[in-house]
Amino acid sequence: MEKDFSNIIMNSCDGDGSGLFTSISFTRHTFVFTDMSRLLITEHLSRGRIEIYFYDWVDEHGADILKFHSEPHKDDRRYQTSTEPYHIHPPADAKLTNMTRYPNVYHQELPAIMEHIFFSLVAAKKI
């Protein structure tokens with residue numbers, strides 16, 4: 001990942017900003033990008049496979065840009081999208097309610113999310 005996106009990754013470290021680090025059950029990692037935004041990665045592992053993930057893209061101050069999540073919302077259909085369990089949370093200041101989520105058809109794996117961030121930085125003329 002770092003090699004493929006070396007033109008936008010300034011730094012990479014273990015941990016997802018929660019104070020916790022990678023363990024046998026969780027991968028926790030942070031990428032710092034050239035615009036000082038960060039991707040906070042938390043992957044819950046089961047039998048060596050990603051069961052649930054939280055990929056939170058935040059700005060240099062820690063404010064949400066986009067959150068790509070895969071946790072299911074089985075108990076409350078109001079939280080579900082058409083791509084359940086995959087969904088995207090908008091920035092907090094763009095939410096109408098805490099139930100605001102968008103379907104996530106194409107950005108369900110880390111390489112696709114990294115590519116989205118790359119092109120977002122290109123479009124914003126940040127690289």
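Predicted, not measured: the structure shown is a model, and the values here were computed from it.
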For [X] and [Y], which heavy atoms make the closest approach, and how far apart are they?
| X | Y | value |
| --- | --- | --- |
| Asn7 | Asp4 | OD1-O, 4.4 Å |
| Leu66 | Pro90 | CD2-CA, 4.2 Å |
| Glu84 | Lys74 | OE2-N, 4.5 Å |
| Pro111 | Met1 | CG-CE, 3.8 Å |

*Can you tell me which residue pairs pass the salt bridge (Lys or Arg N to Asp or Glu O under 4.0 Å) test with a partner in residues 19-30, sequence neighbours excluded?*
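Qualifying pairs, neighbours excluded: Asp16-Arg28.
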
*Which pairs count as salt bridge (Lys or Arg N to Asp or Glu O under 4.0 Å) when at least one residue sits in residues 111-127, sequence neighbours excluded?*
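Listed once each, the pairs are Asp35-Lys126.
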
*asked:* Can you classify the ring geometry of Tyr53 versus Tyr55 as parallel (below 30°), tilted (30 to 60°) or perpendicular (above 60°)?
replied: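 Geometry flag for Tyr55 against Tyr53: parallel rings.
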
*Evaluate the ring planes of His116 and Phe68, with Trp represented by its six-membered ring, and classify them as parallel (under 30°), tilted (30 to 60°) or perpendicular (over 60°).*
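If you compare the ring of His116 with that of Phe68, the planes turn out perpendicular.
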
Is any side-chain heavy atom of [Y] closer than 4.5 Å to one of [X]?
| X | Y | answer |
| --- | --- | --- |
| Ile8 | Phe31 | no |
| Glu71 | His87 | yes |
| Glu51 | Arg49 | no |

*More than 12 foreign heavy atoms under 6.0 Å from CD of Glu109: is that the case here?*
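Result for CD/Glu109: open.
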
Other cluster members, [X] - Ile/Leu/Val/Met/Phe/Trp/Tyr, side-chain contacts below 4.5 Å:
| X | result |
| --- | --- |
| Met10 | Val32, Met36 |
| Leu20 | none |
| Phe26 | none |

*For the pair Ser23 and Ser25, evaluate side chain to side chain donor-acceptor pair (under 3.5 Å) and give the outcome as yes or no after the intermediate values.*
CA-CA 5 Å; Ser23 68; Ser25 299; 5.0 Å; no

*Could you please spell out the steps behind the side-chain contact (heavy atoms from CB on, under 4.5 Å) verdict for Leu45 and Ile50?*
CA-CA 5 Å; Leu45 307 174; Ile50 300 170; 4.0 Å; yes

*Show your reasoning for whether side chain to side chain donor-acceptor pair (under 3.5 Å) applies to Ser12 and His29.*
CA-CA 7 Å; Ser12 174; His29 201 82; 2.4 Å; yes

*Is there a side-chain contact (heavy atoms from CB on, under 4.5 Å) between Phe33 and Phe5 once you walk through the steps?*
CA-CA 10 Å; Phe33 301 115; Phe5 295 98; 6.0 Å; no

*Sequence-distant partners of Phe54, ring-ring contact (aromatic ring centres under 6.0 Å, His included), two or more places apart*: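 By the ring-ring contact (aromatic ring centres under 6.0 Å, His included) rule, Phe54 matches His69.
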
*With respect to Tyr102, which candidate in Thr100, Val105, Asn104 satisfies the side-chain contact (heavy atoms from CB on, under 4.5 Å) definition?*
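Exactly one candidate clears the test, Thr100.
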
